[in-house]
Amino acid sequence: MLKRFDACEIEKRWQKYWQENKIYDTGPRDTSRPKEYVLVELPYPSGNLHIGHWHAFAVPDIYVRFKRMSGTQVLYPMGFDAFGLPAENAAIKNQLDPKKWTEQNMLDMRKQLDSMGNAFNWEHSASTTDEEYYRWTQWMFTEFFKRGIAYRGEGQVNWCLCCQTVIANEQVHNVEDDDCCERCDSKIEKKNMPQWMLRITDYADRLVDDLKDLDWPEAIKEAQRQWIGRAEGYEIDFKLNVDDYDGVVVFASNNKSKCARLKYLLSSTKLKIDLKTPEEIGISDFKVKEDGETLSDNSLKKARTLANLIDLPVLADDTGFFIAGSNVDPVKVKRNALQDLKEEELSQDQISNLVLEHYKSLATKQGGEVKATWKHVMTLIMPDGEEKQVTANRPVILTNKVNGQIDHNLPIRSLYIVKATGKYANEQNDQETELDLQPITDELNKLFQNAISVFTTRPDTLFGATYIVLAPEHPYLTKYNNLITNREEVDIYLKNSLKKRDQDRLDISKEKTGVKLEGLSAKHPLTNEILPIYVADYVLGNYGTGAVMAVPAHDERDYDFATKFSLPIKPVIENNEEPLPFTQHGKLINSEKFTGLNSEEAKTKITNETGGKTKRTYRLRDWSIGRQRYWGVPIPIVYDPEGKPHTVPDKYLPWKLPEDVDFTPTGLPPLAKSKELLERTEKIFGTGWRPEVETMDTFVDSSWYFLRYIDHINKDIFSSTKAQHDWMPVDIYFGGPEHTTMHLLYSRFWQKVLFDMGLVTCDEPYNKRVNRGLILGPDGNKMSKSKGNVINPDEQVADVGSDTVKMYLAFMGPYEGSNYPWDMGGIAGIRRFLERFYGLSDHIKKDEPEEITRLLHQTIEKVTNDIPQFKFNTAISALMIFVNRAERLGLTNETYRKAILLIAPFAPHLSEELWQRQKSGSDTEKIDSIHLQSFPKANPDLLKSDTVEITIQVNGKKRGSLNIPRGEKEAYVLTAIKNDDGLAKHLDDKVKKVIYVQDKILNIVLEK
RNA sequence: GCCGCGGUGGCGGAAUUGGUAGACGCGUACGACUCAAAAUCGUAUUCCGUAAGGAGUGAGGGUUCGAUUCCCUCCCGCGGCACCA
């Protein structure tokens, strides 16, 4: 029988009681219990809670409560991601202060959240708009800037006309073939402008590789992999028919041993370069003070200074180390190595020794052997100011052992010729081999040679390459502009293709276009055949090397282009003498000495023959974070009168958002209109200094909030190591699939940067990720005001109560994955069930049948197994089965108490009400909250009944079933079948075989 | 086009180390209560068939005593990537 209850009254009363008694406070970390950090994506305080918020917060609350009752110390915090466009737009529309609007919304939303009755840890909260929060966002940005992770970049950006701001690549969504803004769904344009960027591409490999150890749904991992788009291929050089440089080059340092080293390397290339130090060409007093930026910046600065003094090419060289997969900042290493010593007072050798010692101690700390990647950056500055920069990576192992002995006298210069064998090699001895030096000599060759580097995954088709294609953005188009005889035609094409990019993507026809570069051609690296060079926009400037070798016989795009321009098509791969469809692998033909090899073998053999090498390339671009809007974290940068950016020093953080701003979007950043910000900047830094006027993407704010939750009032650091040891990593992160390639990627990157800086204790922030589905309107469509199918949770709660709404959301289906339509009948069913549960006490008896006792324990078992798998729907179903039977057969008080405990995570208010009524009928005397009790444990002896129903099949078809004692043998069942008329009639004498699975099935196979 | 996930009654879904397909809820039908309706309670509810029986987990094929579950081919839906070399 149903028994109505007043959900509203019960829920308000207990919510107040819980709050007053702080029953959900986690308290300090208690190491006698396991911990679990359960995180839900922090909401934007839009001012009204929608049903999606309920799905996002109330359902995981079931898990949290269950875990707490099971003895785990669970942290379940909540906060607000309160910067962002909606506040600003609302403020513009209604002429309000976004700050006040946001603060009011947070208050309103807090009330709504309270009405959920969730077991949140409000004592661990954070709001991204708090000055004490964004102060740390800014501090991290300044640290990132100092390390070169944050930089001012130039290039094509996504501009949202509606939001009047730049957005990141991840925030561009595809709607019916249009590039649209993630926030407002309006179309975006491409635009060239300087941008604040974060070097997420430096972390591309780790962001891919580290996915494998995460307990995330495969779909999300795969989406991230695809977004990063790592491709393993090969880089092959096609020399241009242009002379190589072969004169004097000045090395931008007076470090003689380093110069000698490079000379040695140059001699091993085929170049005729004469490398000289500044002293050797008569510049005696050459020194530029290093001022704390990265080593490569410093060396480049030196080279530029030098280049201004002379009329010769200048080579800048820089060496850095990556130890144990983590980026060891050479500047920081140097600083740590020198400690309190002044660099100016030391000789080059002394510095070298100190740095070497420091590296050695790092090596020792890591067990005497350090796997590392050695990165070498070289920049060539030509007399006309053109700069070409290359980097070479290769794995090395640093060790403090040489031939088993610890070598204490290792010179620093030897470090950059460390072999992949794990031994130090000395400059003077001949342990170096060409092989070890190959990456460096390759890079040197590149700097001085005039070759087009192409990226390919199919070097096995090299002999089928009949022409070369450059992307319109390729630097050679400007570099060799004076050699191109049909310059005008090329320029028109370049202009058109750039315009095309700015236009509607829909207008791009799939028809290939391009122009041949007259006067410029390339040499096939193996046949020395002269190949024409084209510029065509089907080759992308920002992928691979921006140049491809075209193999029209085996690539569809090249085929289309070759057909259109009547270029030769030369097949070089076949399979059983059949021509192959594009992109397939097979046996090589027409490939000189490689003919007859299969594709896989040929790939490395041909690449080696050309002197090419393997190369990784990525689809991922750096994260552009500058926004030309008001309501965000000001980027803590000021520009000196020369326009050079400097970080705002720590003591001026938080670098506050000015309030004297008209933030109507005009395309000009609103902060540029603030008098106060300008005055503040000049007052602190001096006349002529200018503030940065862009604010940060709000995804920056949310990239680290989980670190602040756990230590939210710390004034000294954004999150202490102690707090992180207590709670990090996040054990389960519940959220929506829309964040797969945005927030989830950004915050992983952010965490890794902090990890490399030694500021966080783990490399990955989230152990397990659970993506929930979407709640659709009753009509099965996405809820939207225009469709009029929006379910307002407040109305639902007023109608049936918070417990019912929460339980209904949990009952719709498994939490992970699917989208579910809201069903009014369905929620009524849950309410009926809870009313039934409310009336269950009417069925309490002195004794209960064994069936009920067993069923109770089976239900405990089922619920205990299902909740950790987020299969709340089947757990609730089990509870329903129990209540249905218990109503009919009656239950003891003891069983009743356990049933209330069992339902407590699902219906926290109702169960508390029933629990408290257990106590002697007195209303005033309170006993401990049900939510502080232990979850019931199933008695294994009661899980299995003595009899089982066994299915009887004949020839695999079900013919009936029998109730037999558990554990009986085959013979017993066969006898039982013979005694059962209904079953026996299906049998004749010709039994061929009997298959018996104990307690489950018996199948009799008859001969035909 | 490539990659990932999925396809089970009128609906949401349940059941996979291969062993009674459709738990639980919704909806529907009939009955009880009622002057009546709602609410509630009871019974039924995959389809075809009066029944015996037969068919049935996107389609087709295979392995097996037995397939929603494993394998192959294909179709459809959702999501991601896409002129990415």
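Remember, it's a predicted structure, so these values are computed and weren't measured experimentally. To find a chain, count down the sequence lines: A is the first, B the second, and so on, and within it residues start at 1.
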Determine the contact category for A/E556: base if any of its heavy atoms lies under 4.0 Å from a base atom, sugar-phosphate if only primed atoms, P, OP1 or OP2 are that close, otherwise nothing. nothing
Quiz item: Should A/R225 be listed as having a side-chain N or O under 4.0 Å from OP1 or OP2 of B/G80?
Solution: no
Symbol by symbol from the 5' end, with Watson-Crick or G-U pairs under 3.5 Å, [ ] crossing and | another strand, RNA chain B is (((((((..(((......[....)))((((((.......))))))(((....)))..(((((..]....))))))))))))....
Heavy atoms of A/N955 and A/N1003 approach each other most closely as N-OD1, 3.5 Å
Assign each of A/E218 and A/M549 the nucleotide of RNA chain B bearing its closest heavy atom; nearer the 5' end lies the nucleotide of A/E218
So what does A/G229 touch, heavy atoms closer than 4.0 Å: a base, only the sugar-phosphate, or nothing? nothing
Within residues 858-866 of chain A, the residues having a heavy atom closer than 4.0 Å to RNA chain B are none
Item to complete: Could you tell me whether A/K615 contacts a base, only the sugar-phosphate backbone, or nothing, with contacts defined as non-hydrogen atoms closer than 4.0 Å?
Response: nothing
Atom CD1 of A/I995 and atom P of B/U20 are separated, to the nearest Å, by 15 Å
Per the O4'-C1'-N9-C4 / O4'-C1'-N1-C2 angle with a 90° window around 0, B/G4 comes out anti
Considering only heavy side-chain atoms of A/V997, the closest of B/G12, B/G19, B/C24 is B/G19
Expected list for residues 739-747 of chain A near RNA chain B, using heavy atoms below 4.0 Å, is none
Same-atom distance (P) from B/C72 to B/C26, integer angstrom: 41 Å
Can you tell me, in whole Å, how much space there is between the C1' of B/U20 and that of B/G66? 12 Å
**Study point:** P gap between B/U69 and B/U16, integer Å
**Key:** 14 Å
Discussion item. Closer than 4.0 angstrom, basic N to acidic O: yes or no for A/R616 and A/D205?
Written reply: yes
Closest to the side chain of A/M812, out of B/A85, B/G12, B/G27, is B/G12
- Look at all strands and tell whether A/P814 reaches a base, only sugar-phosphate, or nothing, counting heavy atoms closer than 4.0 Å. sugar-phosphate
message = For A/Y815 and A/F734, take the angle between the two ring planes, folded into 0 to 90°, and tell me which bin it lands in: parallel under 30, tilted 30 to 60, perpendicular over 60.
response = perpendicular
Of B/U40, B/C83, B/C24, the nucleotide closest to the side chain of A/K512 is B/C83
| task | Give a yes/no answer on whether the side chain of A/R832 brings an N or O atom under 4.0 Å of OP1 or OP2 in B/U40. | result | yes
A/N884 atom CG is separated from B/U43 atom P, nearest whole Å, by 10 Å
Taking atom P in both B/G10 and B/U46, what distance in whole Å separates the two? 10 Å
Worksheet item: Are the charged groups of A/E41 and A/R769 less than 4.0 angstrom apart, N to O?
Response: yes
A/Y820 OH to B/G13 C1', in whole Å, measures 8 Å
| query | Between A/R772 and A/E816, is there a side-chain N and carboxylate O pair less than 4.0 Å apart? | reply | no
From the candidates B/C65, B/A15, B/U20, the one with an atom nearest any side-chain atom of A/K958 is B/U20
Side-chain contact check for A/R836: nearest option of B/C81, B/G42, B/A15 is B/G42
query: Do A/D210 and A/R748 come within less than 4.5 Å of each other through their side chains, counting heavy atoms only?
result: yes
Among B/C65, B/U43, B/A23, the one nearest any side-chain atom of A/K993 is B/C65
Paired with A/P459, the side chain to side chain contact (heavy atoms under 4.5 Å, CB included) test is passed by just one of A/T610, A/T607, A/V454, namely A/T607
* Asked: Taking the six-membered ring of A/F561 as reference, does the NZ or CZ atom of A/K512 fall below 6.0 Å from its centre and within a 45° cone about the axis?
  -> no
Here the distance between atom P of B/C24 and atom CD1 of A/I827, to the nearest Å, is 21 Å
Tightest non-hydrogen contact, residues A/H524 and A/L462, listed as NE2-O, 2.9 Å
Would A/W822 and A/Y808 satisfy ring-ring contact (aromatic ring centres under 6.0 Å, His included), going step by step from the backbone distance to the final call?
-> CA-CA 9 Å; A/W822 186 270; A/Y808 170 62; 4.9 Å; yes
When A/E222 and A/A471 are each assigned the nearest nucleotide of RNA chain B, the 5'-most assignment goes to A/E222
Report task. Quick one: label A/S961 by what it contacts on the DNA or RNA (base, sugar-phosphate, nothing), any heavy atom closer than 4.0 Å. Result -> nothing
Between protein and nucleic acid, restricted to nucleotides 51-57 of chain B and to nitrogen or oxygen atoms under 3.5 Å apart, what atom pairs and distances do you find?
residue	atom	partner	partner atom	Å
B/G54	OP2	A/R959	NH1	3.4

Among the nucleotides B/C65, B/U20, B/G13, whichever has the atom closest to the side chain of A/N873 is B/G13
Rounded to whole Å, the NZ-C1' distance (A/K221 to B/C81) equals 19 Å
A/D823 CG to B/U28 P, in whole Å, measures 11 Å
Taken in chain and number order and not counting sequence neighbours, the residues that satisfy side chain to side chain donor-acceptor pair (under 3.5 Å) with A/E556 are none
Residues at least two apart in sequence or cross-chain that pass ring pair (Phe, Tyr, Trp, His ring centres under 6.0 Å) with A/F749, listed by chain then number, are A/Y203
From CD of A/Q953 across to C1' of B/G19 the rounded distance in Å is 7 Å
With the threshold set at 4.0 Å, does a side-chain nitrogen-carboxylate oxygen contact exist between A/D213 and A/K221? no
Anything under 30° is parallel, anything over 60° is perpendicular, the rest tilted; go ahead and classify A/F5 against A/Y838.
tilted
query = Got a salt bridge between A/E218 and A/R225, using NZ or NE/NH1/NH2 to carboxylate O under 4.0 Å?
reply = yes
Separation of B/C78 atom P from A/R772 atom CZ, nearest Å, is 21 Å
A/F811 has its side chain closest, among B/C24, B/C83, B/A85, to B/C24
The side chain to side chain contact (heavy atoms under 4.5 Å, CB included) partner of A/I827 among A/D799, A/I791, A/V805 is A/V805
Of B/C83, B/U20, B/A15, the nucleotide closest to the side chain of A/Y538 is B/C83
Salt-bridge test for A/D946 and A/R854: reply yes if a basic N is under 4.0 Å from a carboxylate O, no otherwise. yes
### Message
Classify A/R230 by what it touches in the nucleic acid, base, sugar-phosphate, or nothing, heavy-atom distance under 4.0 Å.
### Response
nothing
